[in-house]
Structures are given as C-alpha cells and as structure tokens.
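Residues: numbered from 1 along the sequence shown.
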Amino acid sequence: MVKTTDKIHFIGLGNMGFPMAGHLANAGFNVSVFNRTPSKSSNWLESFFGTALSTPMKNIEKSNVVILCVSKDEDARELLTGDNGIISKLSTNTVIIDHSTTSAQLAIDMANAAAEVGCFYVDAPVSGGQQGAINGQLSLMVGCPAEVFKQVQTTTAPYTKAIVHMGPVGSGQKTKMVNQICVAGLIEALAEGLFFAEQAGLDTQKVMDVVSQGAASSWQQVNRHKTMIAGEYEHGFAVDLMQKDLAICLKEASRLNIDLPTTCQVSGFYSELQADNLGRLDTSALLMRLQKTKSGGLT
Ligand code: NAP
C-alpha cells in the first residue's frame, strides 16, 4: 500500500506530466522530477515542492514508485532499458507506472524487463487532455497484475477522476487505442458536419446549439465546435501526437488482421496537415483541411 511517505520518481514534465507531478507534490508525496530539457524541471520547482534531478538515474534506488509521462515508445524504451536504462537500478518491488501512450508490445517488453529485477511495470495511459491533467480529472486505463492495481489507484488518485483495471499488462494501451479510434472518427465527422453547415449557408453556431441537444452530441462537439468555428486550432491534443497514436492503432489492427477504414483515412488526412507543417495544430484542424481542400488544397 502506497503511503504519502513513499518516494515518487516522475519522468517527463510535458503538457501532461507537469501538472500531474504537481498534483502528487500537493498531495504530500515525496516527488523527484526529471525532464530531458532541464528548464522544465526548474519551472516545475518554482510552482511545487520537490526535487529536480540532473539525470533519470539519480537516486532511483531510493524511489519505490517511478512514473513516466513521455512521448512515445522509443522514449520509454530508452529510459527504462537503454544504455543507461533505469530498470537495472531499481530496488525490488518498485512499481513503474507509465502514462505515455505507447504500443501494447512496449508495455509487455517493459513488464518482462521489470520482472527480471523483481519489479512491476504498469501501462496506464490517460484520457482527458491537458485540461484534465491540470484539473486532476484524468481517466486511466490500466494494464497490470491484479495485486498491483490497488497501489496504482492510490498513487494516481490526486490527478484521477476514473481508473479502470482492464486486465494484464498491455490491456491499458489496447483500451487507449479504442479511445483514439473513436476520437479520430468523431472529429472527422464533426469537421464534415461543420463544413457542410458552413457551405449550406447555415448559422454554424445555431446548428451546433441544436444538434448538441440530440444524438450528434459528443465531447468533441461540445468542447471543440466554438474554436473550430473561430478557426482556432491551438486548444488541445496535437496532430503530431494523434498521428503517433493512430500509427499504433493501425499497426495493432494489422496484427489482429482487421481493417479500420475510417481510422486509416483520417490518419491520411492528418498526414496531409503534417506535410503542410501543421502538425502542432490540434486534431480539430480537420475542418481547416476541408476548407483548404475546397479552395485549392493545402499549400
Ligand atoms: P509532451 O508535452 O511532448 O511531453 C513529453 C515530455 O516528455 C517532454 O517534456 C519531454 O522532454 C519528455 N521526455 C521525452 N523523452 C524523454 C526522455 N528520454 N527523458 C526525459 N524526458 C523525456 O507530451 P504530453 O502532451 O505531455 O503527452 C505525454 C504522453 O501522454 C504522450 O504519450 C501523449 O500521447 C499522451 N497523452 C497526451 C494528451 C494531451 O492532451 N497532450 C492526452 C492524453 C495522452 P522535452 O522537454 O525535452 O521535450
């Protein structure tokens, strides 16, 4: 059972990790942070009480929980099992909770590496976006042995609204894939609906007001339509990160020998935005793509 006296090593202070580590510090955990770009650790220390580490390895043996929130498979693999990988330096029974969105295979590989040194690896990808991280209202989908779940639940409580144990290691990432497959289709449908409304000469805001009361409502529709109508695309999850996730989904689908036609097509649309250097825009920029396509295409 994790107590607030437990020591947490938190790696990755990006849009998500920065506030998450902050919630842990505010909850009274003993938190040490490491980030590849050191200025983020210094900024974090200006807002929260804890320790900034100069390397991910520093004092790692003193922590009994290691939390990762980095970008992709390669980052997690290098940090955990690379040349200076931290797994080999962990104390027995340390629990690694990985909030990065990665492949299920990465999770299985890391769990095997952790087991070799008597530790546990937990895949715990999140949903809820940067706002959810700031508000401490994330949803966690967790893959781990049943005996570790309670500990994960206790440790992550300061930033979690909902947490579900999905099954063995890898199940959390597979659940996150379902989330991203659904989101990709929903955003494209919303972009097409708004584009149609605009081209049909309707008042797009009035259209959204009425359809939000019916069967077409969704989180994306409620939270993104205003910024889409305003042509503002800096309000959420970036196209580049979504493409990383959709590539994971499509690879897993291929492994399962199934087709995901809409996911595949939406991923192609995001590739077009990336080719136009628009990968930092948020995922709702699919509307911009439709508008640009009508007026001659992306540059
Ligand atoms: P981000 O802003 O790009 O942050 C990633 C952080 O990880 C950066 O601060 C980066 O350091 C750090 N990092 C990467 N490799 C590292 C390494 N080897 N050692 C130490 N630090 C390293 O990404 P994010 O938005 O926080 O997302 C993190 C994860 O959550 C991703 O897997 C993403 O798909 C997932 N996620 C994001 C959202 C969202 O809305 N943003 C929602 C749900 C899930 P640098 O400062 O050097 O780049």
Taking every non-hydrogen atom, the tightest pair across Leu140 and Ala124: CG-O, 4.3 Å
NZ/NE/NH1/NH2 to OD/OE distance under 4.0 Å, Arg77 and Glu74: no
CD1 on Ile187 to SG on Cys182, rounded to 0.5 Å: 11.5 Å
Any Cys69 side-chain heavy atom under 4.5 Å of Phe10 side chain: yes
Atom pair NZ/CD1 of Lys7 and Ile60 - distance to nearest 0.5 Å: 12.5 Å
Glu198: partners by salt bridge (Lys or Arg N to Asp or Glu O under 4.0 Å), with sequence neighbours left out: none
Candidate pair Thr102 and Gln173, rule side-chain hydrogen bond (donor to acceptor under 3.5 Å, both in side chains), full reasoning: CA-CA 7 Å; Thr102 70; Gln173 294 299 351; 3.2 Å; yes
Heavy-atom pair of closest approach, residues Gly14 and Pro19: O-CD, 4.0 Å
Exercise: identify the closest heavy-atom pair between Ala114 and Ile96: CB-CD1, 4.3 Å
Gln243 versus Ser267, side-chain donor and acceptor atoms under 3.5 Å: yes
Heavy-atom pair with the smallest gap, counting every atom of His9 and Pro56: NE2-O, 2.8 Å
Aromatic ring proximity, centroids under 6.0 angstrom, His23 and Phe48: no
Side-chain donor-acceptor pair present, Asn112, Glu116, cut-off under 3.5 Å: no
Min side-chain heavy-atom separation Leu106-Tyr121 under 4.5 Å: yes
Considering all heavy atoms, the nearest Leu286-Tyr270 contact: CD1-OH, 3.3 Å
Glu232 atom CD, over 12 foreign heavy atoms within 6.0 Å: yes
Over 12 foreign heavy atoms within 6.0 Å of NZ, Lys244: yes
Residue that, paired with Ile86, satisfies side chain to side chain contact (heavy atoms under 4.5 Å, CB included) out of Thr55, Thr81, Val66: Val66
Residues Asp73 and Ser103: side-chain donor-acceptor under 3.5 angstrom: yes
Val183-Ile181 co-clustered via ILVMFWY side chain contacts under 4.5 Å: no
Neighbour count >12 (heavy atoms, 6.0 Å) for atom CG, Asn84: no
Non-hydrogen atoms of Trp219 and Arg224 that approach each other most closely: CH2-NH2, 3.9 Å
Rounded distance [0.5 Å steps], OG in Ser212 versus NE2 in His225: 7.0 Å
Residues Arg36, Asp75: salt bridge by 4.0 Å N-O rule: yes
Pairwise distance CG(Asn59) to OG(Ser54) - rounded to 0.5 angstrom: 9.0 Å
Gap between atom CD1 of Ile8 and atom OG1 of Thr156 - 0.5 Å precision: 9.5 Å
Rounded distance [0.5 Å steps], NZ in Lys150 versus NE2 in His165: 13.5 Å
Heavy atoms from other residues, nucleotides or ligands near CD of Glu234 exceed 12 (cutoff 6.0 Å): no
